[in-house]
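Worksheet: the structure to be examined is printed underneath.
We name chains A, B, ... by the order of the sequence lines, and we start the count at 1 in each one.
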Amino acid sequence: MDNSMKLEFLSKSSNEGFARVAVAAFASQLDPTLEDLSDIKTALSEAVTNAIIHGYENTKGIVTISCQINNDTLTVTVSDSGRGIENLEQAMEPLYTSHPEMERSGMGFTVMETFMDSVSVRSAPGEGTDVTMSKTIKGR
Amino acid sequence: MDNSMKLEFLSKSSNEGFARVAVAAFASQLDPTLEDLSDIKTALSEAVTNAIIHGYENTKGIVTISCQINNDTLTVTVSDSGRGIENLEQAMEPLYTSHPEMERSGMGFTVMETFMDSVSVRSAPGEGTDVTMSKTIKGR
Amino acid sequence: MEMRYETAKRALVVSLSHDLDHHGAASLREKIDYEFRRRRARNIIFDLSALKFMDSSGIGLIMGRYRLSVAAGGKVFLSGVSPQLDRLISISGIYKIVGWAKSISEALQCL
Amino acid sequence: MEMRYETAKRALVVSLSHDLDHHGAASLREKIDYEFRRRRARNIIFDLSALKFMDSSGIGLIMGRYRLSVAAGGKVFLSGVSPQLDRLISISGIYKIVGWAKSISEALQCL
Ligand SMILES: Nc1ncnc2c1ncn2[C@@H]1O[C@H](COP(=O)(O)OP(=O)(O)O)[C@@H](O)[C@H]1O
Ligand SMILES: Nc1ncnc2c1ncn2[C@@H]1O[C@H](COP(=O)(O)OP(=O)(O)O)[C@@H](O)[C@H]1O
């Protein structure tokens with residue numbers, strides 16, 4: 001492993017911006033383009049927001065972000081120990097959201113899949129959710 | 001406690017800049033001035049650099065940064081489980097450095113004390129060092 | 001965010017800045033809806049040229065304002081869309097329901 | 001970082017940018033010392049106007065270059081010092097041994 005970091009913070013929405021900046025600063029070591037960085041921030045923001053609003057349902061919990069750099073690849077895992085996902089297939093469908101009344105668009109997982117090279121989700125109801133995403137930064 | 005975060009990363013010098021950006025992004029929630037932010041980044045950079053070069057002596061280890069916001073006060077603890085400090089009084093003297101050949105200036109602790117409101121150090125030889133610093137951000 | 005109202009076109013022009021994420025969306029929504037109702041507006045133009053970051057919470061915000069305008073017999077336009085934002089908005093599919101314009105004035109002309 | 005050599009004053013002008021911390025200091029030191037010796041320079045002017053961040057590793061770097069210049073019978077000047085940097089440099093005490101100038105040209109005149 002070339003480099004790694006782990007970030008834990010309270011499930012407050014005011015930490016969403018902080019989490020994006022921290023992960024982008026870590027990812028900068030791969031010399032990404034501005035577009036790469038924006039992709040990473042957007043995908044991360046989706047996963048962190050989901051942990052806060054769906055995982056912990058706006059109650060107090062800890063969100064954990066682990067990042068690794070291996071060669072040119074950044075791997076990011078966003079974890080919560082919140083309510084978990086009962087029907088993962090349905091959750092990952094574009095436009096599906098369990099909270100339309102909160103004006104969620106149901107596009108979170110689709111955005112992660114579009115902006116990262118790979119996304120995998122492990123979730124158990126009552127235990128929590130881990131979302132692992134990776135992206136390879138092509139040398140310029 | 002209003003907000004808190006914990007950051008762990010490998011003791012690589014390339015993480016010094018990342019650590020500064022992450023802590024500054026977290027501290028931004030207190031609406032600090034640019035001068036406050038610069039003070040916090042500078043003090044943090046001293047403590048993180050010390051953990052990497054003195055604590056772990058450039059070998060592989062984990063540096064941990066814990067941050068808390070209580071009302072207007074930011075408290076930051078930088079910890080390593082490296083070699084520790086034998087003579088703390090001497091270490092904290094301005095201009096004292098155990099590594100003049102690495103062009104260390106011996107000003108690290110003095111900078112932390114000047115740029116933060118309080119600094120306290122707990123260290124045990126062979127076990128590691130915790131540096132805790134705090135700064136109150138005056139409302140503008 | 002800054003808002004202004006174009007009476008002739010009954011259009012609320014919402015200029016977004018900084019980051020549009022879940023954290024900021026709720027208060028933006030409240031302010032926009034308040035102004036929309038107070039002015040008895042029909043149309044909304046989102047000027048995104050000064051926006052630094054947006055994720056799918058922004059898509060949700062735009063979709064919600066679309067419903068509001070449609071209910072008032074109006075339209076929603078987006079202007080100042082950067083290439084990066086364009087990718088996000090494209091995959092969301094909302095270009096099927098909201099208009100796109102190069103600038104605020106072009107959007108006003110389309111109304 | 002950018003360097004240029006002022007032959008008339010035997011001065012190496014080092015313009016620093018971005019962040020000067022422990023991570024970057026070693027390679028900067030190597031490059032400056034190489035150029036200093038290659039040019040048979042005597043004096044060093046550090047232009048700090050584009051520097052975004054510096055901690056005590058920068059103080060160590062400047063002190064080390066001071067030793068190099070003194071050994072060659074020369075001086076070190078700092079120019080473009082922001083108020084924030086000025087506080088750091090003041091507490092370090094190095095203003096006792098290095099000069100200060102508003103600009104590179106003023107520093108050159110002092111040599
Ligand atoms: N961390 C999580 N914990 C629990 N449920 C989740 C989590 N992440 C996503 N979900 C579920 O998956 C659904 C789809 O997520 P997503 O595609 O991000 O859309 P949105 O966030 O807009 O609802 C959510 O509405 C929620 O029901
Ligand atoms: N985390 C640490 N682990 C072990 N020793 C330390 C640590 N931090 C500081 N020291 C000791 O204290 C001395 C003084 O530290 P400091 O004032 O930061 O100056 P400098 O880093 O320039 O040497 C160091 O030279 C080192 O011997």
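For C/R40, the CZ atom counts as loosely surrounded, since its 6.0 Å shell holds 12 or fewer non-hydrogen atoms of other residues, nucleotides or ligands. Heavy-atom contacts from other residues, nucleotides or ligands closer than 6.0 Å to NZ of A/K135 number more than 12. The 12-atom threshold is not exceeded at OH of C/Y34, counting heavy atoms of other residues, nucleotides or ligands nearer than 6.0 Å. A/E86 CD: 12 or fewer foreign heavy atoms inside a 6.0 Å radius. Within a 6.0 Å sphere centred on CZ of C/R39, heavy atoms belonging to other residues, nucleotides or ligands number more than 12. Open room surrounds CZ on A/R122; 12 or fewer heavy atoms of other groups in view lie less than 6.0 Å from it. Residue C/E30 qualifies as open at atom CD: its count of foreign heavy atoms under 6.0 Å is 12 or below.
Ion pair C/D55/A/K41 not flagged as a salt bridge, since none of the NZ, NE, NH1 or NH2 atoms sits closer than 4.0 Å to an Asp/Glu carboxylate oxygen.
Taken to the nearest 0.5 Å, the NE2 atom of C/H22 stands 4.5 Å off from the CD1 atom of A/I53. Here the straight-line distance linking atom OG of C/S56 with atom CG of A/N50 works out to 7.5 Å at 0.5 Å rounding. Put simply, NZ on C/K52 and OG on A/S38 are 12.0 Å apart, with the number rounded to the nearest 0.5 Å.
For the pair A/D39 and C/Q84, the minimum side-chain heavy-atom distance is below 4.5 Å.
Counting only distance, with no hydrogens or angles, the side chain of A/E16 and the backbone of C/D21 share no donor-acceptor pair below 3.5 Å.
Looking at A/N15, neither its backbone nor its side chain comes within 4.5 Å of chain C, counting heavy atoms on both sides.
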| message | One pair to check against side chain to side chain donor-acceptor pair (under 3.5 Å): A/S13 and C/H23. What are the steps and the verdict? | response | CA-CA 5 Å; A/S13 69; C/H23 179 59; 2.6 Å; yes

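In terms of heavy-atom pairs under 4.5 Å with chain A, the best-connected choice from C/I59, C/I91, C/I94 is C/I91.
Of all residues in residues 97-121 of chain A, those placing a non-hydrogen atom less than 4.5 angstrom from a non-hydrogen atom of chain C are A/M102, A/E103, A/R104, A/S105, A/M107, A/G108, A/T110, A/V111, A/T114, A/F115.
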